[in-house]
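FYI, the numbering just counts along the sequence from 1. Because only heavy atoms are used, hydrogens play no part in the values below, and waters and symmetry mates are left out as well, while side chains stay in.
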Amino acid sequence: LKLSVPGGTHALDVPNRGERLLQEPRTMATDDFAVVRSIIEDKLHQEFYNVPTKDLPPRMQPRQLPNLQDAMKIDWDDWKSWEWMQPGWKGVKMHSQCVINADGSAEIRSVW
C-alpha cells in the first residue's frame with residue numbers, strides 16, 4: 001500500500017490478504033485506524049510545523065473562549081429568600097428522606 005504525502009511516498013507494510021482474513025475484524029479496524037492516523041499526523045506535521053498561528057487554517061486557529069472569571073457571579077444564598085424556607089411558613093412543607101435499601105443501594109424520597 002503506497003500513499004502519497006507531501007515530500008515523498010510512504011511504503012507501508014500491510015499483511016497479505018490471507019493473513020488479514022484470519023484476523024478478527026476489530027483488530028483489522030484498529031490496525032487500519034492506526035496506519036491512517038500515523039499518515040495524517042505525519043502529513044500535518046510536515047505541512048504545519050513552525051507555522052505561525054495566524055497562518056493556520058481557520059479551523060486550526062485557537063479560539064477565544066470566554067473567561068470563567070468574567071462570568072456572572074452566582075448567588076449561592078438565593079435560597080434564603082424563598083418564602084417556603086422562611087421561619088413561620090404555614091404552607092405545605094416537603095421533607096427529603098434518604099433510604100438505604102436491603103441490597104445496599106440508596107434512594108431519595110420526598111414526603112409532604
| request: Find the distance between NZ (Lys43) and CD1 (Ile39) and round it off to the nearest 0.5 Å. | output: 10.0 Å
| Hydrophobic cluster identity match, Val51 and Ile40, side-chain contacts under 4.5 Å | yes
| side-chain hydrogen bond (donor to acceptor under 3.5 Å, both in side chains) against Arg63, all qualifying residues, sequence neighbours excluded | none
| Distance (rounded to the nearest 0.5 Å) between Thr53 OG1 and Met60 CE | 10.0 Å
| Would you call the rings of Trp84 and Trp82 parallel, tilted or perpendicular if under 30° counts as parallel and over 60° as perpendicular? | parallel
| said: Looking at Gln61 and Asp55, would you say the former's side chain and the latter's main chain have a donor-acceptor pair under 3.5 Å? | reply: no
| request: List the atom of Trp89, the atom of Glu83, and the distance in Å for their closest heavy-atom pair. | output: CE3-O, 3.5 Å
| task | Nearest 0.5 Å please: distance from the CZ atom of Arg37 over to the CG atom of Asp32. | result | 14.5 Å
Please tabulate, for side-chain N and O atoms in residues 94-101, each donor-acceptor pair with protein atoms closer than 3.5 Å (sequence neighbours left out).
| unit_1 | atom_1 | unit_2 | atom_2 | d |
| --- | --- | --- | --- | --- |
| Asn101 | ND2 | Ser105 | OG | 3.1 |
| Asn101 | ND2 | Glu107 | OE1 | 3.2 |

